Amino acid sequence: MLRRAQCLLRLHSYGGQSLFSHLRCYSTDEGSPKQNPNPNPRAQKPGTKNLPSVRNPFATAQDRTKNSYLTMVEIFQERDVHRRNHVEFIYAALKNMADFGVEKDLEVYKALINVMPKGKFIPTNLFQAEFMHYPKQQQCIIDLLEQMEDCGVMPDYEMEAMLLNVFGRQGHPLRKYWRMMYWMPKFKNLSPWPLPDPVPDDTLEMAKLAVERMCTVDLRSKITVFQTSELKDAIDDTWIVSGVSPEQEKLLREHSRQKALYIEGPFHIWLRNRQINYFTLRADADSEVLSQLDERQLDEDDVSHIEVPFFGRAPPRRHNQLGKLRSVHQQDDGTIMAICATGTSTKDSLLSWIRLLEANGNPSIGEVPVLFRFTSEVPAKAEEIEGGASVPVRCDSSSQDEQTSSRTK
């Protein structure tokens with residue numbers, strides 16, 4: 001009876017305090033707390049318990065900024081000395097980071113690590129260290145470090161000191177931190193195509209970066225930005241980022257007038273978390289020409305037949321010394337004549353691209369038939385322009401209305 005009276009007094013003292021300051025558990029659901037439809041305790045089944053109402057403060061916050069996020073973390077730290085339910089709080093905070101725009105902020109991650117109590121989770125012997133002392137808390141911080149790694153956030157030495165105070169030198173989160181500090185600096189600046197951080201929001205700037213990256217296969221490639229408003233009969237008023245090299249212009253001039261060119265796409269290229277669609281102007285590969293070029297091409301890495309001149313013998317003469325070499329644009333599946341990215345990715349914008357290429361130093365395109373070959377459905381704007389008919393998954397346009405020559409103006 002005395003114990004029951006103490007419990008009643010404790011519940012009565014908690015009743016006058018706010019729910020947010022004495023939150024027992026943090027749910028990951030964004031909805032409102034579910035209430036018990038049957039409040040009568042006698043009508044409940046035996047063995048069930050009355051659970052306290054649950055609310056996620058991050059999901060119900062009105063001001064979704066970094067300051068409000070850190071304020072809620074500070075409120076939780078000052079709420080209770082023992083910091084009960086800190087694991088559930090950290091998981092709820094990790095899930096709602098993207099809503100507050102702090103998923104790439106190192107200061108926020110360190111604030112969440114600081115929520116953990118200090119000194120309690122440090123293993124004191126070998127068995128506790130190897131069998132993951134307090135596994136729930138250690139796995140929580142490991143998940144936090146995993147999210148940092150996925151978002152490209154590199155930890156610093158202050159985080160190492162924080163993990164050392166919470167889990168000790170033998171803790172698994174500190175081992176995860178050491179692995180991250182070994183590999184992440186190696187991969188941070190390893191890409192030959194560095195991107196600004198953060199990447200620009202302008203789609204035109206992203207298209208320029210994407211086309212420049214793909215054109216690095218030929219260092220003489222030129223990136224040109226066209227506007228479809230330069231053409232009189234253009235339907236779409238948009239921009240076109242085109243990439244062509246002098247070698248590709250030469251291949252266009254030498255291309256047979258009887259063989260068609262194909263506009264294929266859209267293909268996808270990812271720049272961090274941004275996806276850009278691009279198209280290629282491609283011609284079918286000539287197997288006979290490629291085989292002749294491959295015969296004259298000598299492998300400089302082949303050491304099976306080394307001819308070394310001695311005693312006045314003339315050095316061996318290479319067969320392709322004055323011959324024609326195979327271009328990097330001449331692949332086995334086709335020859336890439338040009339690439340582009342447009343603002344609308346529609347047939348009209350691609351037709352404008354062909355006409356602009358013809359007007360800017362490639363008059364031979366006007367004598368070659370150009371066919372559209374789409375590999376995916378066109379966007380909704382293209383459906384509106386073309387009457388609502390969607391393009392099939394694989395479409396080789398060979399009919400009279402879809403066979404578009406750049407001569408049509």
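What you are looking at is a predicted structure, and each value in this text was computed from that prediction instead of being measured. Note that these values count all heavy atoms, side chains included, but never hydrogens, waters or copies made by symmetry.
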For a salt bridge (charged side-chain N to carboxylate O under 4.0 Å, His left out) check, start with the C-alpha distance between E88 and K136, then their side-chain angles and the critical distance, and finish with the verdict. CA-CA 10 Å; E88 290 80 4; K136 184 178 180 181; 3.1 Å; yes
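- Using modelled atom types, no side-chain atom of S191 and backbone atom of P194 make a donor-acceptor pair closer than 3.5 Å.
- Residues passing the side-chain hydrogen bond (donor to acceptor under 3.5 Å, both in side chains) test with T124 are Q128, sequence neighbours excluded.
- Among residues two or more places apart in sequence or in another chain, the salt bridge (Lys or Arg N to Asp or Glu O under 4.0 Å) test is passed with K186 by none.
- For A93, the side chain to side chain contact (heavy atoms under 4.5 Å, CB included) partners at least two apart in sequence or on another chain are F58, Y69, L112.
- Between the Q248 side chain and the I336 main chain, a donor and an acceptor come within less than 3.5 Å of each other.
- By the salt bridge (Lys or Arg N to Asp or Glu O under 4.0 Å) test, E130 is found to be paired with R175, residues two or more places apart in sequence or in another chain being considered.
- Two residues are said to be in side-chain contact when any heavy atoms from C-beta on lie closer than 4.5 Å; I263 and F372 meet this criterion.
- Atom-to-atom distance recorded for L231:CG and L356:CG is 4.5 Å, nearest 0.5 angstrom.
- A heavy-atom distance below 4.5 Å is not found between the side chains of H268 and Y278.
- In this structure, R274 does not pair ionically with E205, as no charged nitrogen and carboxylate oxygen lie closer than 4.0 Å.
- Remark: R272 CZ is packed, more than 12 non-hydrogen atoms of other residues, nucleotides or ligands lying under 6.0 Å away.
- Formation of a donor-acceptor pair under 3.5 Å by the Q330 side chain with backbone atoms of S327 is found in this model.
- For E230, the salt bridge (Lys or Arg N to Asp or Glu O under 4.0 Å) test picks out no residue, with sequence neighbours left out.
- Not a single side-chain hydrogen bond (donor to acceptor under 3.5 Å, both in side chains) links K232 to another residue, sequence neighbours left out.
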inquiry  = The test is side-chain contact (heavy atoms from CB on, under 4.5 Å); show your working for M337 and E249 and say whether it passes.
reply    = CA-CA 7 Å; M337 301 296 185; E249 294 178 349; over 6 Å; no
Which donor-acceptor pairs under 3.5 Å do the side chains of residues 222-229 make with protein atoms, sequence neighbours left out?
residue	atom	partner	partner atom	Å
T228	OG1	D236	O	2.6
T228	OG1	T238	N	2.9
T228	OG1	T238	O	3.1

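- Looking at P155 and M184, their side chains come closer than 4.5 Å, going by heavy atoms from C-beta outward.
- Here Y262 contributes atom OH and R282 contributes atom CZ; the two are 7.5 Å apart, rounded to the nearest 0.5 Å.
- With a 4.5 Å cut-off on side-chain heavy atoms, I269 and F267 do not count as touching.
- V166 and M116 get closest at one heavy-atom pair: CG1-CB, 3.8 Å.
- A distance of 4.5 Å separates CD1 of I354 from CG of L281, quoted to the nearest 0.5 Å.
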Point to revise | Evaluation steps, side-chain contact (heavy atoms from CB on, under 4.5 Å), between V87 and Q137 | key: CA-CA 6 Å; V87 174; Q137 285 74 12; 3.8 Å; yes
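- Across all their heavy atoms, P57 and M72 have their closest contact at O-SD, 3.6 Å.
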- prompt: When you look at Q138 and H172, which way does the side-chain hydrogen bond (donor to acceptor under 3.5 Å, both in side chains) test go after all the steps?
  reply: CA-CA 7 Å; Q138 292 201 46; H172 291 264; 4.8 Å; no
### Query
Please walk me through it: do E254 and S364 pass side-chain contact (heavy atoms from CB on, under 4.5 Å)?
CA-CA 9 Å; E254 297 175 354; S364 60; over 6 Å; no
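- Every side-chain hydrogen bond (donor to acceptor under 3.5 Å, both in side chains) that N114 has, sequence neighbours left out, goes to K118.
- The shortest heavy-atom contact between Q77 and A111 is NE2-O, 3.6 Å.
- For the atom pair CE (M159) and CG (L174), the distance works out to 11.5 Å, reported to the nearest 0.5 Å.
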Item to complete: Verify side-chain contact (heavy atoms from CB on, under 4.5 Å) between F89 and V73, making sure each step is shown before the conclusion.
Response: CA-CA 9 Å; F89 177 82; V73 175; 4.1 Å; yes
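- Under the salt bridge (Lys or Arg N to Asp or Glu O under 4.0 Å) criterion, R169 pairs with no residue, sequence neighbours left out.
- When all heavy atoms are compared, the tightest approach of C340 to I240 is CB-CG2, 4.3 Å.
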Could you list the donor-acceptor pairs under 3.5 angstrom formed between side-chain atoms of residues 141-154 and any protein atom two or more places apart in sequence or on another chain?
residue	atom	partner	partner atom	Å
D143	OD1	Q139	NE2	3.0
D143	OD2	Y91	OH	2.6
E146	OE2	K176	NZ	3.0
Q147	NE2	L94	O	3.3
E149	OE1	K176	NZ	2.8

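- Rounding to the nearest 0.5 Å places CD of E264 at 5.0 Å from OG1 of T280.
- Remark: side-chain polar atoms of R253 are not paired, donor with acceptor, to backbone N or O of N362 under 3.5 angstrom.
- A donor and an acceptor atom, one from each side chain of W353 and S242, are located under 3.5 Å apart.
- In this structure, CD1 in I122 is found 7.0 Å from CG in N165, a value given to the nearest 0.5 Å.
- A 4.5 Å side-chain heavy-atom check between H255 and L261 finds at least one atom pair inside the cut-off.
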Report all side-chain donor-acceptor pairs from residues 207-219 shorter than 3.5 Å, counting only partners two or more places apart or in another chain.
residue	atom	partner	partner atom	Å
R213	NH2	W193	O	3.2
T216	OG1	W193	NE1	3.1
T216	OG1	R213	O	2.6
D218	OD1	R220	N	3.2
D218	OD2	S245	OG	3.1
D218	OD2	H329	NE2	3.0

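- Between N360 and V244 the shortest side-chain heavy-atom distance does not fall below 4.5 Å.
- Between I90 and I113, every side-chain heavy-atom pair lies at or beyond the 4.5 Å cut-off.
- Residue-environment remark: CG (D333) exceeds the threshold of 12 foreign heavy atoms within 6.0 Å.
- Looking at every heavy atom in both residues, H133 comes nearest to K120 through NE2-O, 4.5 Å.
- Evaluation of the side chain to side chain donor-acceptor pair (under 3.5 Å) test over residues 104-113, restricted to residues two or more places apart or in two chains, returns K66-D105, K66-E107, K110-D156, K110-E158.
- What you find for V368 and S256 is that their closest heavy atoms are CG2-O, 4.3 Å.
- For the pair N273 and V199, the minimum side-chain heavy-atom distance is below 4.5 Å.
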